[in-house]
Number of protein chains: 2
Amino acid sequence: MSSTSTPARGRPARLDPVRTVETALDLLDQSGLEALTMRRLADAMGVQAGALYRYFATKQDLLTAMAERMLAGLAESDGEATDGDWCEQLAALAHAMRAALLAHRDGARVFAGTHSTGANTLRFADRLVGVLRDAGFTDEEAARALFAVVNLTVGHTLEEQAARQPESGAPAAPEVLRAAVTAGSYPHLSATLPTLTSTDFTPHFEFGLGLVTEGLRVRRG
Amino acid sequence: MSSTSTPARGRPARLDPVRTVETALDLLDQSGLEALTMRRLADAMGVQAGALYRYFATKQDLLTAMAERMLAGLAESDGEATDGDWCEQLAALAHAMRAALLAHRDGARVFAGTHSTGANTLRFADRLVGVLRDAGFTDEEAARALFAVVNLTVGHTLEEQAARQPESGAPAAPEVLRAAVTAGSYPHLSATLPTLTSTDFTPHFEFGLGLVTEGLRVRRG
DNA sequence: ACCTGAACACCGTTCAAGT
DNA sequence: ACCTGAACACCGTTCAAGT
């Protein structure tokens with residue numbers, strides 16, 4: 001927290017990109033994505049809104065920096081001890097990414113809305129692709145499996161966070177779905193309602209991830 | 001286009017929900033999600049912005065109605081001729097959903113940002129779950145497979161549409177990724193760059209979908 | 001070099017008042 | 001019943017001017 005990274009003389013700058021992104025993530029956790037405005041962030045930094053544009057050309061850039069920050073330490077989450085086979089390593093990476101997104105309110109929405117090509121993002125992707133290439137998969141297969149795992153993980157996390165926090169005043173998502181399904185004639189949805197409205201998302205995620213890894217195992221022969 | 005569904009006497013209402021949603025989708029296709037504002041939609045309907053709120057309590061409700069409208073005819077896309085085994089039927093449904101989202105500019109973003117429980121959405125989900133239940137899967141498995149397929153499909157379509165339309169002025173997504181990867185040391189990403197930067201998204205989607213269906217096949221035994 | 005102050009061009013939403 | 005007009009409380013972004 002002390003200014004160990006402020007080499008400049010004179011009055012220290014009130015605005016530095018790292019602290020700004022951290023403050024933005026704090027604001028996100030406290031109030032959600034809707035309430036994260038450049039003006040409110042500027043307020044939290046003790047500065048005018050326009051000053052932010054010296055470090056972030058656009059709000060989208062700020063959001064991208066936040067997404068990148070969320071993945072800090074992701075690629076090294078399991079250390080260099082590459083225990084387990086490629087299947088377990090793949091699952092561990094996916095679980096780590098899910099945890100990173102769930103760690104911040106609306107984390108999945110921020111991530112899905114940006115396209116970071118920062119070091120944290122690329123190192124993670126490189127490790128995931130590396131696990132698959134080392135396991136004997138084709139370059140093409142490894143790259144496409146990356147898409148599948150990331151898309152599945154982001155998609156599930158998006159759903160999970162959306163279900164957790166309904167718009168204030170409205171009933172929670174599971175209740176809305178239950179009402180809609182029972183009002184119409186959807187025999188298969190009715191039969192599966194308990195699972196569809198379950199708020200325990202971890203088994204849902206693990207099922208989807210299991211399908212993908214199983215599919216990969218088959219494809220490798 | 002003629003007013004066949006206007007039972008009211010006197011001056012016909014300028015605003016009816018169905019035409020409003022259709023106009024909103026037209027506006028979306030022409031200018032994208034960013035440019036879709038209540039004011040611009042009102043303009044296109046020849047009305048003041050406030051008038052829209054008699055039919056849609058909130059912009060979010062309008063977007064939800066648009067998402068629901070996008071899936072019109074999805075559940076019946078293959079007719080009642082249930083040709084092929086459950087695997088082919090599942091793939092056909094996923095492909096139909098992808099096509100429905102790709103049919104509108106930013107279609108995936110609109111869908112991902114809403115939670116429709118309308119008839120088109122529920123009929124589609126009911127059919128997908130039905131295919132799996134009829135194939136012998138557990139209620140729990142069927143429901144969770146629905147999540148996996150939908151999340152994968154939405155995730156892939158989100159990526160595809162994001163890659164197609166970069167923010168004006170900026171270079172396209174593949175070029176940004178190529179530059180970032182070659183700038184750092186990411187051996188596995190470098191090796192798979194041709195696939196990672198490919199703009200042909202159909203094989204990417206089919207690979208991911210293939211993994212899921214293969215995984216389901218294994219799980220059924 | 002870095003930030004302020006103030007403006008520009010918008011937003012979503014509400015609601016009295018008209019017809 | 002349905003829409004207008006006008007306002008409220010904001011937005012992201014820009015940029016001269018200050019220090």
Side-chain angles (χ1 to χ4, degrees), chain A residues 3 5-21 23-24 27-28 30-67 106 109-110 113-114 166-170, chain B residues 3 5-21 23-24 27-28 30-67 106 109-110 113-114 166-170:
Chain A
S3 58
S5 59
T6 326
R9 296 282 181 74
R11 173 185 40 186
R14 270 179 288 182
L15 232 37
D16 99 281
V18 174
R19 271 199 58 234
T20 304
V21 170
T23 306
L27 235 98
L28 184 71
Q30 288 163 27
S31 319
L33 184 56
E34 249 64 37
L36 179 66
T37 68
M38 297 299 266
R39 279 174 158 90
R40 279 209 252 251
L41 176 57
D43 255 29
M45 297 295 291
V47 105
Q48 295 291 319
L52 294 171
Y53 289 83
R54 197 162 295 273
Y55 304 95
F56 303 94
T58 200
K59 188 185 181 182
Q60 188 64 28
D61 283 12
L62 194 247
L63 289 167
T64 302
M66 290 168 67
D106 293 328
R109 257 163 84 196
V110 170
T114 59
E167 310 98 69
S168 59
Chain B
S3 58
S5 59
T6 328
R9 296 283 180 74
R11 174 186 38 187
R14 270 178 288 182
L15 231 39
D16 98 281
V18 175
R19 272 199 57 235
T20 305
V21 170
T23 306
L27 235 99
L28 184 71
Q30 288 163 28
S31 318
L33 183 56
E34 249 65 37
L36 179 66
T37 68
M38 296 302 264
R39 280 175 158 88
R40 280 208 254 250
L41 175 57
D43 255 31
M45 298 295 290
V47 106
Q48 294 292 319
L52 294 170
Y53 289 82
R54 198 162 295 272
Y55 304 96
F56 303 94
T58 200
K59 187 184 182 183
Q60 187 66 27
D61 282 12
L62 193 248
L63 290 167
T64 302
M66 290 169 66
D106 292 328
R109 257 164 85 197
V110 170
T114 59
E167 311 98 70
S168 59

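Quantities reported herein were computed from a predicted structural model and do not represent experimental measurements. In what follows, chains carry the letters A, B, and so on, assigned in the order in which the sequence lines appear, proteins first and then strands, with residues in each chain numbered from 1.
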Report task. Please name the pair of heavy atoms, one in B:Ala44 and one in B:Thr23, separated by the smallest distance, quoted to 0.1 Å. Result -> CB-CG2, 3.7 Å
**Report entry** Residues touching DNA chain D, which here means a heavy atom under 4.0 Å, drawn from residues 56-64 of chain A
**Finding:** A:Thr58, A:Lys59
Query - Pairs satisfying salt bridge (Lys or Arg N to Asp or Glu O under 4.0 Å), at least one member in residues 32-59 of chain A, at least two apart - result: A:Glu34-A:Arg109
Query - Spacing of B:Leu36 atom CG and B:Leu62 atom CG [to the nearest 0.5 Å] - result: 6.5 Å
Report summary line: When rounded to the nearest 0.5 Å, the distance separating CE of A:Met38 from CE of A:Met45 is 11.5 Å
Query - Spacing of CG belonging to B:Leu33 relative to CE belonging to B:Met66, to within rounding of 0.5 Å - result: 7.5 Å
Query raised in the report: Name the stems with DNA chain C in them: runs of three or more consecutive Watson-Crick or G-U pairs, distances under 3.5 Å?
Result: C:4-8 with D:12-16, C:12-16 with D:4-8
Requested in this report: Measure the CD-CZ distance between B:Gln48 and B:Arg14 for me, rounded to the nearest 0.5 Å.
Outcome: 9.0 Å
Query raised in the report: Under 4.0 Å: is that the gap between some side-chain N or O of B:Arg14 and OP1 or OP2 of D:dA1?
Result: no
Query raised in the report: Rounded to the nearest 0.5 Å, what separation is found between the OG1 atom of B:Thr20 and the CG atom of B:Leu41?
Result: 6.5 Å
Requested in this report: Take the protein atom CG of A:Asp16 and the nucleotide atom C1' of C:dA1, then report the distance between them rounded to whole Å.
Outcome: 15 Å
**Report entry** D:dA1 phosphate, OP1 or OP2, under 4.0 Å from B:Tyr55 side-chain N/O
**Finding:** no
Report task. Could you pull out all residues at least two apart from A:Thr114 that satisfy side chain to side chain contact (heavy atoms under 4.5 Å, CB included)? Result -> A:Gln60, A:Leu63, A:Thr64, A:Ala67
**Report entry** Non-hydrogen atoms of B:Pro17 and B:Tyr55 that approach each other most closely
**Finding:** CG-CD2, 3.8 Å
Query raised in the report: Do B:Val110 and B:Leu28 have side chains that get closer than 4.5 Å, going by heavy atoms?
Result: yes
Query raised in the report: Which residues, if any, of residues 31-39 of chain B bring a heavy atom under 4.0 Å of DNA chain D?
Result: B:Arg39
Query raised in the report: B:Met45 has an atom CE; how far is it from atom C1' of D:dC3, in whole Å?
Result: 13 Å
Query raised in the report: Between atom OH in A:Tyr53 and atom C1' in C:dA6, what is the gap in whole Å?
Result: 15 Å
Query raised in the report: Do any side-chain nitrogens or oxygens of A:Arg40 fall under 4.0 Å of OP1 or OP2 in D:dC11?
Result: yes
Query raised in the report: Between A:Ala35 and A:Leu27, what is the shortest heavy-atom contact and its length?
Result: O-CD2, 4.4 Å
Requested in this report: Please tell me which of B:Ala51 and A:Ala51 maps to the more 5' nucleotide of DNA chain C, matching each residue to the nucleotide holding its nearest heavy atom.
Outcome: A:Ala51
**Report entry** Length of the line joining B:Leu41:CG and C:dC11:P, which is rounded to integer Å
**Finding:** 12 Å
Query - Distance, rounded to the nearest Å, where A:Arg54 contributes CZ and C:dC3 contributes C1' - result: 7 Å
**Report entry** Side-chain N or O of B:Gln48 closer than 4.0 Å to phosphate OP1/OP2 of D:dG5
**Finding:** yes
